[in-house]
**Q** 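Could you have a look at this structure, given as structure tokens, before my questions?
The figures here come from the full heavy-atom set of this structure, side chains too, leaving out hydrogens, waters and symmetry mates. The first residue in the sequence is number 1, and the count goes up from there.
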Amino acid sequence: MRRRLWFASGLVVALVSALLVTSPPPPARAASAGGSFADMGGAVQGITRFDGGFFTDSSGRLLSWSVNFGPSAEFSVSTVHDSPNTTVFSAELSGAHGSQNSVQASDGSIYFGTYPNGRLYRYNPATSTITNLGQPVTNTSYVFGLSASTDGRISLGTFPSAHVLTYSPSAGFTDLGQIAPGSGNQYVRSTGFDTLHNRVYAGVGSVSNRIYSVDITTKAQTLITSTTAMPVDITVMENRALSDADGQLVLINTDTNARIQPKDAAGNTVSSFRAVSRGFSRPRNYLSYFTTEVAVAGEIERRIGTYDFRTDTVVATPTVLPTALGYGWHTIGGALTLHMITNNYGPDYSTYVPATAATATGTLAVPTQPQELHNVLANPKAPEVIANAFLNGNNSQLDTPSGTYSAFPRFGQVESWMMEGTKIYAGVYPGASLMVYDTATPSVPPRELAELHSQPIDGGNRPRALVKIGNILYAGTAPFYGQQGGAIASVDVTAPSPVTPTITRNVVSQHTIAALAALPNGNLLVGSSTEAGDGAPAGPGPAKLVEWNPTTRTAVRPALTPSSSAPSISALLVEGTTAYVLEGPSLYVVNTSTWTVTRTVPLSGAGSCTADGTVARHPYSGLLYVGCGGAYYEIDGAFAVTKLSIGRAAKRLSIGYDGDLYFDADSSLPGWMSNVGRWHPNPSATASCSGLSQLYGVSAQSGGDQLTYTIVDPVTNRISTGLVQTATPLPFTVKAIAAHNINTLFATSTNGALYQLNVQGLYGAVTLAGVTQLAASGWGDVDKLTSDGTRLYATTTAGAFTRYPVTLAKPASTIGTGTLIGTGFVLKTLAAEAPNQIIATTNVGELVGYKISSTGGWTRSSLRASTWNFESLSAVNGLIYAQKNGELWGYRDANPSDGSGTDIYQLGPTSVRGWTQKLLSAVPASTPSC
């Protein structure tokens, strides 16, 4: 049990170490890097599933299955028509993070392939058991494209080996071989089991996108057709194979192994027809159902589409429903009803009755999982951090003072983003969408400016970098699947959507545009990467630095290669004619006028950081911070490098309003970055400080003024002990206050009296031994009061500045006759920084210093000409604490007596919320010492 600490009457306590505080001491700081790590917890709890389906159990009950993405992928089965629906089975799959495909075989078993462990699993609905069937081919990381035959077998494809296999419970895996060996293709993204002809259709891609057929008996491969993109799904029914590639329906006659064109309702050949769902439903009455797209009044509607096996006719029905991910048929109330999973990132499903076109929606019971994070963005003007989930694409907003998360509008998987004013600009995968969201109008959802991939000139797939000049947003992109060479795209953000982008490819031939920065002359500094689209070989190295004119859209001088071997320039920071170029494992300093590398700064332990690089100037300390592939570095003005000891696997980097570094970090499960990490860099200006700063304040509340107290650790510039206050209001309204020592304060009232406040305890609350009136009147015009621990200083509304000697006693001290220092001191704030050293602010925001002699003479120094528009000010031993808009900010005056403001360093926010005291006063003492 803790005992309450009381101050004996008349005792002057100078050291806070003698004080029992209200909370445990702060955690030990990591000395090696001058900062401390905090785990801010999981940011996005949600659902990410790529397909699923419906089946009927032995009792005739309709159920739905899916696999949710997570640190351990979770297979689950939900009821469908209960109220509410419940999870009847779930199992986590150790070593797997998710599943891209699943299928129900003709014997009722449900198969699904996983990644990154590349396993095939079987769920037996009769016994509610899951069996790990193993890895189909050595070194498989993804099992793709499951398809069922009519005799209990299934087919599947692999990545990165591009093999096609079949599986049956009796024979196990049968490897039909690698598709097109030597082609460079790594994906068999889809398969379709053609039981009638004993063959498997395989959709391959990365280098060349094609559909092959493979004879199961002979293993002979036949090229059927090329496609504009990788064929995602293949469904074989009757004598037709249906596939979708880049959202277009692909139709194959399995009797002839020839591609054919569908027809419209009038019997006319259709050159293209949109198919954007995950596969196609099993046919009923010769019709298969899927999701198609129709343009209506400039907007895209997703509707139910049908394909007729008898006539090869395709129809876009009038029925609008979300994209289908999986299907199942069930009779409800006598009506044959199609059930569809219709949300990748939620538990939603939809139903459709073909006979009446009636639709309905429902919610399945799908367990959520912590989603892996992909990106993080700190608001530079508010204590908020936005975390973006990988694949899932949902966002969550972290309130940094409280450590709590709240929902934030979804963008999709963000590859790059930036904040300007209240607007967030984001580059989103897939399709390289450019989006904007105004946080000032939260009811208006994010707006897509343009999708770059769908343009006549393909703008790429992943916007790796963004920069904005005026109203023009520029994006540097990585290419689409299987391609080399990204682009620079630009859009006018003020134009109505959809904005027509301007796209330039081959800025650097065969290279991704990985980094962008604006130069003072209006040109762009461009950093390239050899990164290619997924599945394609990397471009020729090394990475290049280019100055690019956005008007002519051409390079204005030969490319610079800071490194002769590095594959990627992943981040740029431009300051005047100096550019900091991150080309892991080094940071290069480039003079953009002479176009030369002036310094190379090695980053020990850094990799190439192809898609994960940051260079940022700290807004308060002025230090450089570099993030490169999960390693973080602090670089001072002399280019001395300190590697931060984060102690977690991490990626990305964004500096917050509070001056802390935020990034994606490992959770309790190593390798699963679902948490936001926070690194607080200790200010270098206070590294030599010891002891603690103690601040009293006055809080105006409805019942009257209350005395508050808190402790600040100058080494971290953070609150060490949270705010405590008196249990009851003071017996007067405070006009000015000064802490004289830890247990004695002097205050004037609005009715002109002078009081002494005697503090007895500070544990849990500020406890007063008593309040003594030292003078009933005569102090009415005193509006500012401060103490240096020996003397009391006061200014009046008329500008008189007076110093008073103090003979300390309890309960009443003696305030001697004052010495007039001067007149004309009309000040906004007043604080004693050190003995006989006073600082103050004026009504125009000037910070001034006054050095007072023993006889009352003074010397004035202008420390800062403007910007010091704070509501209250306190100081102790060269540490300055200033309050404004509910925030407390710390500063360090390296030499309070030199009369110079050039050595006053901003430490950053001490606390970004809750500082509403109308007055502050630091305890003058021998501690802290700097």
Side-chain angles (χ1 to χ4, degrees), residues 51 100-106 111 113 120 136-137 142-159 161-168 173-181 183 185-206 208-262 273 275 277-283 288 290 307 309 312:
D51 77 348
Q100 289 279 346
N101 295 97
S102 58
V103 70
Q104 185 174 28
S106 59
Y111 292 87
L120 180 68
V137 179
Y142 280 71
V143 173
F144 278 123
L146 276 62
S147 179
S149 71
T150 58
D151 59 10
R153 293 176 293 170
I154 66 165
S155 59
L156 55 114
T158 68
F159 170 85
S161 61
H163 276 243
V164 173
L165 301 98
T166 62
Y167 177 86
S168 71
F173 290 108
T174 299
D175 188 358
L176 303 183
Q178 183 183 22
I179 299 297
S183 67
N185 286 321
Q186 296 178 296
Y187 290 86
V188 172
R189 186 65 178 78
S190 53
T191 72
F193 209 122
D194 181 4
T195 311
L196 181 63
H197 302 94
N198 197 37
R199 65 168 71 107
V200 174
Y201 288 90
V204 304
S206 65
S208 53
N209 304 305
R210 296 174 177 177
I211 297 177
Y212 289 81
S213 71
V214 183
D215 187 287
I216 294 175
T217 302
T218 66
K219 301 183 182 181
Q221 301 176 11
T222 302
L223 174 63
I224 305 300
T225 186
S226 296
T227 56
T228 56
M230 200 181 309
V232 177
D233 298 282
I234 301 177
T235 304
V236 179
M237 293 170 284
E238 308 294 334
N239 64 340
R240 293 291 187 267
L242 284 69
S243 181
D244 58 281
D246 202 17
Q248 298 294 330
L249 176 66
V250 178
L251 189 58
I252 297 170
N253 184 328
T254 60
D255 289 334
T256 63
N257 253 354
R259 183 172 179 174
I260 60 177
Q261 295 301 121
F273 194 83
S277 52
R278 292 301 305 268
F280 307 83
S281 78
R282 291 179 177 177
S288 179
F290 57 97
Y307 168 74
F309 284 86
D312 294 325

**Q** Of the options Ile234, Val103, Ile216, which is the one that meets Phe193 in a side chain to side chain contact (heavy atoms under 4.5 Å, CB included)?
**A**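 Of Ile234, Val103, Ile216, side chain to side chain contact (heavy atoms under 4.5 Å, CB included) with Phe193 is met by Ile216 alone.
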**Q** What are the two closest non-hydrogen atoms of Gly279 and Phe290, and how far apart are they?
**A**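 Scanning both residues completely, I find the closest heavy atoms to be O-CB, 3.9 Å.
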**Q** Report the distance from atom CG of Leu196 to atom CG of Asp255, rounding to the nearest 0.5 Å.
**A**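 With rounding to 0.5 Å, CG (Leu196) is 6.5 Å from CG (Asp255).
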**Q** Would you say that Ser288 contacts Met237 through its side chain, given a criterion of any heavy-atom pair below 4.5 Å between the two side chains?
**A**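 SC-SC contact between Ser288 and Met237 confirmed.
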**Q** Side chains of Ser213 and Asp194, heavy atoms from C-beta outward: is any pair under 4.5 Å?
**A**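 Result no, sub-4.5 Å side-chain heavy-atom pair not found.
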**Q** Distance check, rounded to the nearest 0.5 Å: Tyr167 atom OH versus Leu146 atom CG?
**A**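 One finds 12.0 Å between OH of Tyr167 and CG of Leu146.
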**Q** Taking C-beta and beyond as the side chain, do Leu249 and Pro262 meet within less than 4.5 Å on heavy atoms?
**A**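 Yes; the side chains approach each other to less than 4.5 Å.
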**Q** For a quick test of reading the model, state the closest non-hydrogen atom pair linking Ala105 to Gly152 and the distance between them.
**A**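 Looking at all heavy atoms of both residues, the closest pair is CB-O, 4.3 Å.
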**Q** In terms of relative ring orientation, are Phe144 and Tyr142 parallel, tilted or perpendicular, with 30° and 60° separating the classes?
**A**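 Because their plane-to-plane angle is under 30°, the rings of Phe144 and Tyr142 count as parallel.
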**Q** Examine the side chains of His197 and Asp215 and answer whether a donor and an acceptor come within less than 3.5 Å of each other.
**A**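 Absent: no donor and acceptor within the cut-off.
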**Q** Side-chain contact, heavy-atom cut-off 4.5 Å: Val236 with Ser147?
**A**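 SC-SC contact between Val236 and Ser147 ruled out.
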**Q** When you measure from the side chain of Ser243 to the backbone N and O of Val250, does any donor-acceptor pair fall under 3.5 Å?
**A**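 The answer is no, because no donor-acceptor pair under 3.5 Å joins these two groups.
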**Q** With distance as the sole test, does Ser149 use its side chain to make a donor-acceptor pair with the main-chain N or O of Ile154 at under 3.5 Å?
**A**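 Looks like no, no N/O pair under 3.5 Å.
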**Q** For Gln186, does its backbone N or O pair with a side-chain atom of Ser206 as donor and acceptor, under 3.5 Å?
**A**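 It does hold such a pair.
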**Q** Which residue pairs pass the side-chain hydrogen bond (donor to acceptor under 3.5 Å, both in side chains) test with at least one member in residues 222-232, sequence neighbours excluded?
**A**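 Counting only pairs at least two positions apart or across chains, the side-chain hydrogen bond (donor to acceptor under 3.5 Å, both in side chains) contacts touching residues 222-232 are Thr225-Arg259.
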**Q** Would you say the side chain of Asp233 lies within less than 4.5 Å of the side chain of Asp51, judging by non-hydrogen atoms?
**A**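 No. Closest side-chain heavy atoms not under 4.5 Å.
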**Q** Before giving the answer on side-chain hydrogen bond (donor to acceptor under 3.5 Å, both in side chains), spell out for Asp151 and Thr195 the whole-Å C-alpha distance, their side-chain angles and the decisive distance to 0.1 Å.
**A** CA-CA 8 Å; Asp151 59 10; Thr195 311; 5.1 Å; no
**Q** About how many Å separate OG of Ser208 and CG of Leu223, when rounded to the nearest 0.5 Å?
**A**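 The distance works out to 8.5 Å.
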**Q** Is there side-chain contact between Leu156 and Phe173, with heavy atoms separated by less than 4.5 Å?
**A**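 Heavy-atom side-chain distance check passes, below 4.5 Å.
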**Q** Output, in order, the C-alpha distance, side-chain angles, deciding distance and verdict of side-chain contact (heavy atoms from CB on, under 4.5 Å) for Tyr212 and Val188.
**A** CA-CA 10 Å; Tyr212 289 81; Val188 172; over 6 Å; no
**Q** Answer whether the closest heavy-atom distance between the side chains of Arg189 and Asn101 falls below 4.5 Å.
**A**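 In short, these two side chains touch, coming nearer than 4.5 Å.
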**Q** Find out whether Asn209 and Tyr187 are in side-chain contact, i.e. whether some heavy atom of one side chain is under 4.5 Å from a heavy atom of the other.
**A**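 Of all side-chain heavy-atom pairs linking Tyr187 with Asn209, none is under 4.5 Å.
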**Q** Examine distances only and state if a side-chain atom of Arg278 and a backbone atom of Val232 form a donor-acceptor pair shorter than 3.5 Å.
**A**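 Checked: no pair found.
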**Q** Identify the residue among Val164, Ile179, Leu176 that makes a side chain to side chain contact (heavy atoms under 4.5 Å, CB included) with Gln221.
**A**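 The passing option is Ile179.
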**Q** Indicate the atoms forming the closest heavy-atom contact of Thr158 with Pro136, along with that distance.
**A**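 Smallest heavy-atom distance, with atoms named: CG2-CB, 4.4 Å.
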**Q** My understanding is that only one of Thr254, Asp312, Thr235 makes a side-chain hydrogen bond (donor to acceptor under 3.5 Å, both in side chains) with Arg240; could you say which?
**A**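 Answer after filtering Thr254, Asp312, Thr235: Asp312.
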**Q** Okay, side chain of Ser190, backbone of Pro231: is any donor-acceptor separation there less than 3.5 Å?
**A**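 Present.
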**Q** How many angstroms lie between CD1 in Ile211 and OH in Tyr201, if you round to the nearest 0.5 Å?
**A**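 These two atoms lie 9.5 Å from each other.
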